[in-house]
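To start, the structure under review is shown below, and the notes come after it.
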Amino acid sequence: MLDVSRVQKELADCNKDKAISGVSIDLHGGDGDLSHLAGTISGPVGTPYEGGTFRIDVRLPSGYPFEPPKMQFVTKVWHPNISSQNGAICLDILKDQWSPALTLKTALLSLQALLSAPEPDDPQDAVVAQQYLRDYPMFVATARYWTETFAKRASVGIEEKVQKLVEMGFPEALVRSTLDSVNGDENMALEKLCSG
């Protein structure tokens, strides 16, 4: 069974210095479910991800902290160790190198470090890894473009978009998760909300 008090403590620890660490974590959708969380990491300075805000879907198995959290990028990112298709992450501490001594904050900081130091020889996305190894300037340009397109646009004006859709009668938690799923595209979110 999930260790509720540990998760609550980890949430508090992770968020107390988010301005310095660049990582934070909250309940997903505000429904009080501690096994489904939403993480955020800031793109590291001096990388093509700088200035971006990357959202991470975090699911805690019932065996947490003895089993690793399941994490995947919600924000699209161009990186050898992150799937450009579905956000799956190739990182040892999220698999066989997990230890109960690690926390959600250390896992998010490790993801942030992975953005700074890709491992193209152990890729999650072979196409991105090949570009990284064969045409590094093109990799940097593509990663920067994806950051501008997906990691900045969604965070700009998101509260205004949420407010507009909530005023139309949709529940706030549903509006936020729908906007997340379409990378902040208000029209696509409205279409999805209306189609049920």
Side-chain angles (χ1 to χ4, degrees), residues 1-18 20-29 31 33-45 47-50 52-133 139 143 146-147 150-151 154-155 177 180-181 183:
M1 182 148 170
L2 190 66
D3 185 341
V4 173
S5 61
R6 170 166 168 155
V7 174
Q8 288 171 329
K9 181 182 181 323
E10 284 192 36
L11 289 174
D13 288 349
C14 188
N15 293 330
K16 72 180 174 197
D17 67 347
K18 61 184 166 189
I20 297 165
S21 69
V23 302
S24 65
I25 196 158
D26 295 295
L27 296 178
H28 184 275
D31 60 4
D33 180 4
L34 284 175
S35 69
H36 192 192
L37 307 169
T40 305
I41 61 175
S42 299
V45 175
T47 71
Y49 313 103
E50 182 175 352
T53 301
F54 298 88
R55 296 188 46 79
I56 315 292
D57 185 69
V58 181
R59 294 180 187 265
L60 302 180
S62 59
Y64 182 83
F66 300 100
E67 294 173 40
K70 309 261 182 275
M71 294 187 170
Q72 81 182 70
F73 276 78
V74 174
T75 307
K76 288 176 76 76
V77 60
W78 190 256
H79 189 284
N81 307 106
I82 302 158
S83 170
S84 59
Q85 301 300 307
N86 64 17
I89 303 162
C90 181
L91 183 64
D92 58 357
I93 68 156
L94 295 179
K95 296 185 174 79
D96 57 335
Q97 294 302 306
W98 176 258
S99 155
L102 299 173
T103 64
L104 294 170
K105 182 177 183 178
T106 55
L108 289 172
L109 288 169
S110 295
L111 290 181
Q112 194 178 48
L114 185 65
L115 290 179
S116 295
E119 295 283 345
D121 296 325
D122 184 22
Q124 174 71 36
D125 194 310
V127 172
V128 181
Q130 285 302 316
Q131 185 187 58
Y132 183 94
L133 293 168
F139 162 79
W146 277 45
T147 299
F150 302 114
S155 59
S177 63
D180 274 351
S181 73
N183 291 311

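Every heavy atom of this structure was used, including side-chain atoms; hydrogens, water molecules and symmetry mates were not. The chain is numbered in sequence order, starting from 1. Keep in mind the model is a prediction, meaning the values are calculated, not measured.
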Quiz item: Relative to the ring of W98, is the ring of Y64 parallel (under 30°), tilted (30 to 60°) or perpendicular (over 60°)?
Solution: tilted
Self-check item: Minimum-distance pair of heavy atoms, taken over all atoms of L34 and Q8
Solution: CD1-CG, 3.9 Å
Practice problem: Enter the distance from R55:CZ to I41:CD1 here, rounded to the nearest 0.5 Å. | Solution: 12.0 Å
Quiz prompt | Pair F54-L115, side-chain contact (heavy atoms from CB on, under 4.5 Å): steps then yes or no | solution = CA-CA 11 Å; F54 298 88; L115 290 179; 4.2 Å; yes
Exercise. Please assess C14 against T103 for the test side-chain contact (heavy atoms from CB on, under 4.5 Å), listing each intermediate value before the final yes or no.
Key: CA-CA 9 Å; C14 188; T103 64; over 6 Å; no
Self-check item: Charged N-O contact under 4.0 Å between K105 and D17
Solution: yes
Quiz item: Where do L133 and P120 come nearest, in terms of heavy atoms and distance?
Solution: CD2-CG, 3.8 Å
Quiz prompt | Nearest atoms (heavy-atom pairs only) where P61 meets E67 | solution = CB-OE1, 3.4 Å
Practice problem: Indicate yes or no for a side-chain donor-acceptor contact from N81 to the backbone of D122 under 3.5 Å, with no hydrogens or angles considered. | Solution: yes
Self-check item: Option from L37, L111, L91 for which side-chain contact (heavy atoms from CB on, under 4.5 Å) with M71 holds
Solution: L111
Exercise. Given side-chain contact (heavy atoms from CB on, under 4.5 Å), test I82 with Q124 step by step and report yes or no.
Key: CA-CA 5 Å; I82 302 158; Q124 174 71 36; 5.7 Å; no
Practice problem: Calculate, to the nearest 0.5 Å, the distance between atoms SG and NE2 belonging to C90 and H79 respectively. | Solution: 10.5 Å
Practice problem: Kindly compute the distance separating OG (S35) from NE2 (H28), expressed to the nearest 0.5 Å. | Solution: 11.0 Å
Quiz item: Taking C-beta and beyond as the side chain, do V128 and P123 meet within less than 4.5 Å on heavy atoms?
Solution: no
Quiz prompt | Nearest-0.5 Å distance that lies between atom CD1 in I93 and atom OG in S110 | solution = 3.5 Å
Quiz item: Between I25 and L104, which heavy-atom pair has the shortest distance, and what is it?
Solution: CD1-CD1, 4.1 Å
Practice problem: Look up atom CH2 in W146 and atom OG1 in T75, then write down how far apart they are to the nearest 0.5 Å. | Solution: 11.5 Å
Quiz item: When you measure from the side chain of Q112 to the backbone N and O of P44, does any donor-acceptor pair fall under 3.5 Å?
Solution: no
Quiz prompt | Considering all heavy atoms, the nearest N86-A88 contact | solution = OD1-N, 2.9 Å
Practice problem: Please report the C-alpha distance between F150 and V77 in whole Å, then the side-chain angles of each, then the deciding distance to 0.1 Å, and finally whether the side-chain contact (heavy atoms from CB on, under 4.5 Å) criterion is met. | Solution: CA-CA 8 Å; F150 302 114; V77 60; over 6 Å; no
Quiz prompt | Check: G52 main-chain N/O paired with T147 side-chain donor or acceptor under 3.5 Å | solution = no
Quiz prompt | Considering all heavy atoms, the nearest D57-R59 contact | solution = OD2-NE, 3.1 Å
Practice problem: Kindly say whether W78 contributes a backbone atom to a donor-acceptor pair with the side chain of Y49 at under 3.5 angstrom? | Solution: yes
Self-check item: Residue pair P68 / K95, side-chain heavy-atom distance below 4.5 Å
Solution: no
Practice problem: Find the distance between CG (D26) and CG (L11) and round it off to the nearest 0.5 Å. | Solution: 7.5 Å
Quiz item: Taking S83 for the side chain and D125 for the main chain, is one N or O donor matched with an acceptor at less than 3.5 Å?
Solution: no
Quiz prompt | Student check: side-chain heavy atoms of V127 and Q130 closer than 4.5 Å | solution = no
